[in-house]
Number of protein chains: 2
Amino acid sequence: MKAKDDNQRRSGEAAVEVTEGERPTLKTIAFMAGLGVTTVSRALKDAPEIGQATKNRVQLIAKQIGYRPNRAGVRLRTGKTNVISLVLNAQSSIMGLTSNMVYGISEVLSQTPYHLTVTPYSLENDPMQPIRYIVETGSADGIIMSRTEPDDPRVRYLTEHGIPFATHGRTEMGIEHPFHDFDNEAFAYLSVKSLLARGRRKIAMLAGPSPAVTYYRHLDRGFSRSIEEGGAVGVTFSGIDVDTSLGRIRDRMEEIMTGPNRPDGIVCCSGGAAIALVAGIEAAGLKIGEDVDLVSKQSTDVLKWFRPQIIVFNEDVRHAGRELARAVLRRIAGVDARELQSLSYPDEHELR
Amino acid sequence: MKAKDDNQRRSGEAAVEVTEGERPTLKTIAFMAGLGVTTVSRALKDAPEIGQATKNRVQLIAKQIGYRPNRAGVRLRTGKTNVISLVLNAQSSIMGLTSNMVYGISEVLSQTPYHLTVTPYSLENDPMQPIRYIVETGSADGIIMSRTEPDDPRVRYLTEHGIPFATHGRTEMGIEHPFHDFDNEAFAYLSVKSLLARGRRKIAMLAGPSPAVTYYRHLDRGFSRSIEEGGAVGVTFSGIDVDTSLGRIRDRMEEIMTGPNRPDGIVCCSGGAAIALVAGIEAAGLKIGEDVDLVSKQSTDVLKWFRPQIIVFNEDVRHAGRELARAVLRRIAGVDARELQSLSYPDEHELR
DNA sequence: TGAAACATTCGAAACGATACAGAATGCTTT
DNA sequence: AAAGCATTCTGTATCGTTTCGAATGTTTCA
């Protein structure tokens, strides 16, 4: 049983180096405390089968020598990556969205052992591709993603595979999953109302990216409802949406505003696009606040300074990032998905 | 020696599951090819001591079953993380900088086995803190960071520890390290020149974040040189810089432009700040292009539409991200730091 | 023919962590 | 006094990979 090579190994083991240069491991602590690594491992995670005195001693040593668990070791053994992956498309023109989202998420993660990795994809590629990659290689414990669609294959896939995730935006698939969303229906509804209050009667909206993305529908719903209630006329812009290049938005806008039945009120759901709209409106020789009123959502606060006449509503994307991060983390911790769904509401006062 | 439990273990080992559900490992391939894992490992990395026929066979199987090395395994064994960490401060007001940087970097990394993680810190905290964390925990193979200072402790620390990194911006420490920088000196120089060409004589600049950051000095150098050559008057804004909140920049600007000796030409190094400047200028009752001319660098293209009279120069941050990513990767591969230093030059034509 | 050289392949050990099944120890119970 | 039971600790196997040293078989050379 205890052959000589066993002894040799032991003597090799005894030569634990406690040199300052090397990074401490459980073995280091075990050696210093005169305990086995198993005990140390458990003591550090407050396991019930370890004596209180031992726990204290081990935890003190760990703190003193600045022990931090080796992530590769944990990951290899347990499969837990301690990584949250933010999947986003790399050409979103929504100004300030990406950075604020990143900041919001990392604000939350920095209080935890989790790291944030960014996995981008381009709109030309299959949005499923990065998702599949993450799942197949097990490279994250949780996923945050945006551009959520009513019937989103990513949501279906991740749910089937039991991977925790949270979406920015909602689905309409009857699958309960964590999300955070801005109430775009209320935004569109209130926006139109505030235009009506200014006497505007012919109102248009620059729509969300494409009907494929859910919030497009919410905007549309709120818009139509408000138009109907107000007995106004709703116009749809053809040929442009929030994903269109700003240059094309500007040009198309000029066309529309010089055309026969131009709107006198406009709702826009992105600050960047709003700037292009304004450029187009002014190129047509019209004045914001006089010939036409513009309400826009913005995620960065330059719009109001751009043209003080624009009615703006601030969407706090950083807050969304925080909410989403918290949601995935709690989902990972086993919290029911239905408890991890939240909405941000537009503040009616901002839209007056 | 070969006790009964030894046999049990072996028989357990023989039952390599090639079920579809589980992720394939080297063992899976080894079993399928009737080889040892060692051979498979080597065959996959084209080691010279493996026969060509074997290599082909192994690589074919690997491709067929979609084998991807387990990152935790590799990382634990070799210490290689396959991670590049982008360290950035989480309140940079430079519009579009963060997102474009992230996109540029991931564009390059997506062609490699590297992942991108984002490690933010707030300006109130010690910028060394995230760097130390990464080095101490060995959580990245390379680092990309910005807000580079002339005498940057992070550069010193990373160089001493032999961790590959690339900076956005230069140092002045006599340490050769990879960087990518925009030639801010040329930008300031040309900006002033273009203002002079418009007949402006009293020129001010909204400075970089603080003299602590290197590009502040470059801007200053180019500015002074150009002012001197043109025999003009240079004014320094006091109390505001590019890090100041946009609201304060606006207010201070209004003050300055209604004051006794207001400038008639302004150089600004950030698009976001430029918008605040414009707001202040207009609040003072002045018109851009008439009473005063404004040249600004921008990393997102809204400025020109904001006020067509602004003279803009586009800094391609996405390109910077690509350059930085390539630089760290090549540095990791052992390329000499001096070969990994690049500059982007402002195009004189843009500033006319 | 035997030894040396080479070409291939392999087993075992290691990286750092956790899970599992024991094993000492002291205390109660019968 | 023996058995039972908590309490507290330990050794060993394991995750997937790479690397070291060695083993196998095949050529080559004297």
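We name chains A, B, ... by the order of the sequence lines, and we start the count at 1 in each one.
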Whole-Å distance, A:Leu26 CG to D:dC15 P, equals 19 Å

When rounded to whole Å, the NZ to P distance for the pair A:Lys55 and D:dT7 reads 12 Å

Whole-Å distance, A:Arg57 CZ to D:dT8 C1', equals 13 Å

| query | Is it true that B:Glu107 and B:Arg322 make a salt bridge, defined as a side-chain N closer than 4.0 Å to a carboxylate O? | reply | yes

B:Lys45 atom NZ is separated from D:dT19 atom C1', nearest whole Å, by 10 Å

To the nearest angstrom, the CG-C1' distance between A:Asn56 and D:dT8 comes to 15 Å

For the backbone of B:Arg330 and the side chain of B:Arg326, can you confirm whether one donor and one acceptor N or O come within less than 3.5 Å of each other? no

Quiz item: Would you call the rings of B:His180 and B:His168 parallel, tilted or perpendicular, where under 30° means parallel and over 60° means perpendicular?
Solution: parallel

Separation of D:dG16 atom P from B:Ile29 atom CD1, nearest Å, is 13 Å

Atom CG of B:Leu35 and atom C1' of C:dA7 are separated, to the nearest Å, by 15 Å

Between the CZ atom in A:Arg156 and the OG1 atom in A:Thr171, the distance rounded to the nearest 0.5 Å is 9.0 Å

Can any side-chain N or O of B:Asp141 pair as donor or acceptor with the backbone N or O of B:Thr81 at less than 3.5 Å?
yes

Considering only heavy side-chain atoms of B:Val37, the closest of D:dT18, D:dT8, C:dC10 is D:dT18

**Asked** Does a nitrogen or oxygen in the side chain of B:Lys27 sit under 4.0 Å from OP1 or OP2 of D:dG16?
**Response** no

Using OP1 and OP2 only, check whether a side-chain N or O of B:Thr39 sits under 4.0 Å from C:dT8.
no

Practice problem: Mind checking B:Gly34 for me? I need base, sugar-phosphate or nothing, with any heavy atom below 4.0 Å counting as a touch. | Solution: sugar-phosphate

* Whether A:Glu323 side chain and A:Ser342 backbone form a donor-acceptor pair below 3.5 Å -> no

B:Leu44 CG to C:dT9 P, in whole Å, measures 13 Å

Query raised in the report: When only distance counts, do a donor and an acceptor, one from the side chain of B:Thr38 and one from the base of D:dT18, lie under 3.5 Å apart?
Result: no

Here the residues of residues 67-85 of chain B within 4.0 Å heavy-atom distance, strictly under, of DNA chain C are B:Leu76, B:Arg77

- Query: Does a side-chain N-to-carboxylate-O contact under 4.0 Å join B:Glu136 and A:Arg23?
  - Reply: no

